There are 2 protein chains.
Amino acid sequence: MGKSSDENNTGSGVPAGIPEMAEIVGYKLRRAQLFVFQDFIETFEKIKLRPAEFSVLALIARTPGQKQTEIAEQLGIKRANFVALMDSLERRGLAERRKAEGDKRSHSLHLTPEGTRFVDKMSTVWRTHEERLVERLGGPEARATLLDLLGRLLGEKPA
Amino acid sequence: MGKSSDENNTGSGVPAGIPEMAEIVGYKLRRAQLFVFQDFIETFEKIKLRPAEFSVLALIARTPGQKQTEIAEQLGIKRANFVALMDSLERRGLAERRKAEGDKRSHSLHLTPEGTRFVDKMSTVWRTHEERLVERLGGPEARATLLDLLGRLLGEKPA
DNA sequence: CCTGGATTGTTTTGTTATATAACAATATAG
DNA sequence: CTATATTGTTATATAACAAAACAATCCAGG
């Protein structure tokens, strides 16, 4: 049963020791991520929402009142780059910055009423996207396994 | 046993229906890909090689003589963007364009002798990187499972 | 208190990846 | 032979991301 492709080399013209693209975790990870994002982007085109904006709204919705830097940090976004992102969400009337009490420097982030409604719709749209991925993966268990494995790469606790 | 985080909601302040970042396949996929690429980049810093360059060299090494567009296409790189990439590899003396026989438009890509030696070293370096990932994942089986799941997302045949 | 160092949000700038359009040279189909 | 397609290339635009600097504000030690 076809092993890892290089082990059973008949000595023809195939160079030894050189990895095959299909067995490179980083490469396949990148391709898969690109594919998933592509599906995400197409799915969310009708409500004009990018992945980064989605994640920001979801975080604010789940935990309102957090400071800009806190949200940005959780998402791995540099606070400098977060500014324009937040500007856009504010201009669209979905989220807002409120002067945090206690610290006059920081802003606490919240959804607007319209933002709350938008997040509901957004979540529904997301479910159709995620469901499509589950089908590709071959079921919810496969998805759970994938999330687990990705979590291990990220160094998350083994639950 | 701790279900998918939203199902067992005690009704406190946690909004319902809004996905948690940790359960979003696309998000976790992106974070994991970023992490793996980070490790790759750091690992390959000493031989000054980027992921894209790595993949090009590996493809040429495995199947020399292919045309530019063929290589680019396999990697999902637009042929316009491939030019600079190939220029760089050629300037470093690792790969070269030869005028393909038969078609005076196309170039067939090959490694230089130095390029061949470089690919050997590169493959060795890669193994240390990949091995680090395997450890994080918890063993070779986990890696195989991950590659399988990513393959499913990409629509590859179920082996 | 008050002063130096840290933090927050912001602007500016640069780099990299990626997409599109156009072009000349060449190939190919009818 | 001519119309159309392909190949490599250039030029250009956009988006993601990082780094540096800055003003306003906070905070800790003297």
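Below, read A as the first sequence line, B as the second, and so on, with proteins coming before strands; counting in each chain starts at 1. Because the structure is predicted, anything quoted here is derived from the model rather than measured.
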Could you work out, with salt bridge (Lys or Arg N to Asp or Glu O under 4.0 Å) as the rule, every residue matching [X], not counting sequence neighbours?
X: B:D120; value: none
X: B:E90; value: B:R97
X: A:R152; value: A:D148
X: A:E130; value: A:R143

| field | DNA chain D contacts made by residues 34-49 of chain A, counting heavy atoms under 4.0 Å | value | none
| field | Contact list for residues 32-48 of chain B, test side-chain hydrogen bond (donor to acceptor under 3.5 Å, both in side chains), sequence neighbours left out | value | B:Q38-B:E42, B:D39-B:T43, B:D39-B:H129, B:D39-B:R132, B:T43-B:R132
| message | Can you list everything that forms a ring pair (Phe, Tyr, Trp, His ring centres under 6.0 Å) with B:F118? Sequence neighbours excluded, please. | response | none
| task | Kindly say whether A:A52 contributes a backbone atom to a donor-acceptor pair with the side chain of A:S55 at under 3.5 angstrom? | result | yes
| Is there a donor-acceptor pair closer than 3.5 Å between any side-chain N or O of B:R98 and the backbone N or O of B:H107? | no
| remark: B/S/- along nucleotides 21-27 of chain D (protein heavy atoms under 4.0 Å) is ---BBS-
| field | Partner set under side-chain contact (heavy atoms from CB on, under 4.5 Å) for B:R50, not counting sequence neighbours | value | B:E53
| said: Give the residues of residues 65-74 of chain A touching DNA chain C, defined as any heavy atom closer than 4.0 Å, sorted by residue number. | reply: A:K67, A:Q68, A:T69
Would you give me the side-chain donor-acceptor pairs under 3.5 Å for residues 74-86 of chain A, sequence neighbours excluded?
from, atom 1, to, atom 2, distance (Å)
A:Q74, NE2, A:Q66, OE1, 2.9
A:Q74, NE2, A:E70, O, 3.4

| remark: First and last nt of DNA chain C near chain B, cut-off under 4.0 Å to heavy atoms, 5' to 3', are C:dT16 to C:dA27
